[in-house]
A.B. asks: 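Could you have a look at this structure, given as structure tokens, before my questions?
Since we're looking at a predicted model, the values are computed, not measured. Just so you know, these numbers use all the heavy atoms, side chains as well, and skip hydrogens, waters and symmetry mates.
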Amino acid sequence: MKTAVVTAAILMSVGVAVAAPAPVEDIAGGSPDDRVARLERIIKAKQAAEFEMQQRLDTLQQEVLDLRGLTEQQSYQINQMLQRQRQLYEDIANLSKTKTTQVAATPVNSGPASSSLGETASYERAVNLVLKERQYDEAIPAFREFIRQYPDSTYAANANYWLGQLLYNKGEFAEAAKAFDTVVNQFKDSNKRGDSLVKLGMIAQKRNDNATAKRYYQQVVSEYANSAAARIAKQQMVGL
């Protein structure tokens with residue numbers, strides 16, 4: 001709706017500029033010097049009108065870009081929220097499956113089953129500290145402990161991403177970068193890898209390292225062309 005309004009404004013501005021040409025003077029009379037002077041005034045007035053029109057167009061075009069960027073940012077945030085919800089549902093489903101398996105198992109030789117239950121329960125506890133209890137400071141050591149105990153877990157990529165996000169929100173960018181870098185380099189099939197690359201780019205920007213930021217964003221666009229992460233990466237590059 002806002003884009004349509006801005007587009008209409010652009011068309012109106014062009015119409016106004018065309019409908020209001022520079023003042024016309026009679027250049028037929030007078031001496032040659034007078035005619036030249038009047039002609040110069042006409043040319044200058046026309047140039048001023050064209051310059052004003054261009055400024056208006058530039059301003060309106062920038063507003064369109066700003067609105068488009070805001071839309072992309074909102075879409076990215078919504079997609080992030082939906083991805084977290086889907087991941088939570090998957091985690092809950094996996095928890096239910098694991099617990100069902102545990103109940104059905106016999107108590108004999110139950111060592112591996114107990115290990116699996118401990119892994120799942122540990123991850124569930126860390127996630128609940130974020131989503132249910134909103135205890136973000138307590139969630140950080142919980143995810144770190146989970147990663148230390150279960151570095152090869154099926155939840156490890158998500159745990160590193162959660163940890164990176166929590167540290168990023170606290171402004172601890174060096175530690176956050178380590179967590180996101182782990183997702184990027186050790187879990188190349190993770191659906192959090194593109195988002196982790198975007199976050200690495202944002203961290204580089206906050207460090208005023210625009211060259212590194214641009215490299216991360218370009219990698220996202222290249223490897224995840226049609227994703228929400230790629231769209232936000234393109235938007236971030238506009239300011240570089």
A.B. asks: Enter the distance from Gln149:CD to Glu119:CD here, rounded to the nearest 0.5 Å.
C.D. replies: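 One gets 10.0 Å once the value is rounded to the nearest 0.5 Å.
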A.B. asks: Taking Glu223 first and then Arg193, would you say they form a salt bridge - that is, a charged N and a carboxylate O separated by under 4.0 Å?
C.D. replies: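 Result for this pair is yes, salt bridge flagged.
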A.B. asks: If you count the non-hydrogen atoms of other residues, nucleotides and ligands that lie under 6.0 Å from CG in Asn185, is the total more than 12?
C.D. replies: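 Counting neighbours around CG of Asn185, more than 12 heavy atoms of other residues, nucleotides or ligands fall under 6.0 Å, so yes.
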A.B. asks: When rounded to the nearest 0.5 angstrom, what distance separates OH in Tyr161 from OG in Ser196?
C.D. replies: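 The OG atom of Ser196 is 6.0 Å from OH of Tyr161, to the nearest 0.5 Å.
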A.B. asks: Considering all heavy atoms of both residues, which atom of Phe146 and which atom of Ser122 are nearest to each other, and what is their separation?
C.D. replies: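 Heavy-atom minimum between the residues: CD1-OG, 3.5 Å.
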A.B. asks: Are Phe173 and Leu197 connected in a single hydrophobic cluster, I mean Ile/Leu/Val/Met/Phe/Trp/Tyr linked by side-chain heavy atoms less than 4.5 Å apart?
C.D. replies: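 Same hydrophobic cluster.
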A.B. asks: Of all the heavy-atom pairs spanning Ala213 and Gly201, show the shortest one and how long it is.
C.D. replies: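 So the minimum-distance heavy-atom pair works out to CB-O, 3.3 Å.
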A.B. asks: If the threshold is 4.0 Å, N to carboxylate O, is there a salt bridge linking Lys132 and Glu124?
C.D. replies: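 Not counted as a salt bridge, because no side-chain N and carboxylate O are separated by less than 4.0 Å.
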A.B. asks: Determine, stepwise, if the pair Gln205 / Leu240 fulfils side-chain contact (heavy atoms from CB on, under 4.5 Å).
C.D. replies: CA-CA 9 Å; Gln205 272 188 280; Leu240 294 179; 3.4 Å; yes
A.B. asks: Taking the side chain as every heavy atom from C-beta outward, state whether Leu167 and Arg144 have any atom pair closer than 4.5 Å.
C.D. replies: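 Heavy-atom side-chain distance check passes, below 4.5 Å.
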A.B. asks: State plainly whether one hydrophobic cluster holds both Ile140 and Leu129, where clusters connect Ile, Leu, Val, Met, Phe, Trp and Tyr through side-chain heavy atoms under 4.5 angstrom apart.
C.D. replies: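 Result: no, two separate clusters.
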A.B. asks: Please report the shortest heavy-atom distance between Val198 and Ala233, naming the atom on each side.
C.D. replies: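 Answer, listing the atom of Val198 first, then Ala233: CG2-CB, 4.5 Å.
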A.B. asks: Please report the shortest heavy-atom distance between Ala229 and Ile232, naming the atom on each side.
C.D. replies: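 Looking at all heavy atoms of both residues, the shortest contact is O-CG2, 3.1 Å.
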A.B. asks: Determine, step by step, whether Asn158 and Asn191 satisfy the side-chain contact (heavy atoms from CB on, under 4.5 Å) criterion, reporting the C-alpha distance in whole Å, the side-chain angles of both residues, the deciding distance to 0.1 Å, and the verdict.
C.D. replies: CA-CA 9 Å; Asn158 287 350; Asn191 60 4; 4.2 Å; yes
A.B. asks: Restricting to non-hydrogen atoms, name the atom on Ile203 and the atom on Ala177 that form the minimum distance, rounded to 0.1 Å.
C.D. replies: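 Looking at all heavy atoms of both residues, the closest pair is CD1-N, 3.8 Å.
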A.B. asks: Decide whether a cation-pi geometry holds between Lys234 and Tyr217; the criteria are a distance under 6.0 Å from NZ or CZ to the six-membered ring centre and an angle within 45° of the ring axis.
C.D. replies: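 No, a cation-pi geometry is absent between Lys234 and Tyr217.
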A.B. asks: Report yes if some heavy atom in the side chain of Met237 is under 4.5 Å from a heavy atom in the side chain of Gln218; otherwise report no.
C.D. replies: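 SC-SC contact between Met237 and Gln218 confirmed.
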A.B. asks: Nearest 0.5 Å, what's the CG-CD1 distance between Leu163 and Ile147?
C.D. replies: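 The distance works out to 5.0 Å.
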A.B. asks: Short question: side chain of Ser190, backbone of Phe187 - any donor-acceptor pair under 3.5 Å?
C.D. replies: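 A pair under 3.5 Å: no.
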A.B. asks: The test is side-chain contact (heavy atoms from CB on, under 4.5 Å); show your working for Lys214 and Gln236 and say whether it passes.
C.D. replies: CA-CA 8 Å; Lys214 187 174 183 180; Gln236 290 295 122; over 6 Å; no
A.B. asks: With a 4.5 Å cut-off on side-chain heavy-atom distances among I, L, V, M, F, W and Y, is there a chain of contacts connecting Val221 to Val238?
C.D. replies: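 Different hydrophobic clusters.
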A.B. asks: May I ask you to test the Gln186-Asn160 pair for a side-chain heavy-atom distance under 4.5 Å?
C.D. replies: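 They are not in side-chain contact.
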A.B. asks: Distance from Phe180 atom CZ to Leu200 atom CG, nearest 0.5 Å?
C.D. replies: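 Interatomic distance, Phe180 CZ to Leu200 CG, rounded to 0.5 Å: 7.0 Å.
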A.B. asks: What closest approach, in Å, do Tyr168 and Lys206 show between heavy atoms, and which atom pair accounts for it?
C.D. replies: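 Tyr168 and Lys206 have their closest heavy atoms at OH-CE, 3.1 Å.
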A.B. asks: Once the angle between the rings of Phe143 and Trp162 is folded into 0 to 90°, is it parallel (under 30°), tilted (30 to 60°) or perpendicular (over 60°)?
C.D. replies: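 Taking Trp162 first and then Phe143, their aromatic rings lie parallel (interplane angle under 30°).
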A.B. asks: CZ of Arg125 to CD of Glu145: how many Å apart, nearest 0.5 Å?
C.D. replies: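 If we round to the nearest 0.5 Å, Arg125:CZ and Glu145:CD are 9.0 Å apart.
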A.B. asks: Go through the steps for Thr212 and Arg215 under the test side-chain contact (heavy atoms from CB on, under 4.5 Å), then give the verdict.
C.D. replies: CA-CA 5 Å; Thr212 299; Arg215 187 174 70 249; 3.6 Å; yes
A.B. asks: Rounded to the nearest 0.5 Å, how far does OH of Tyr155 lie from OH of Tyr150?
C.D. replies: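 Here the rounded value is 11.5 Å.
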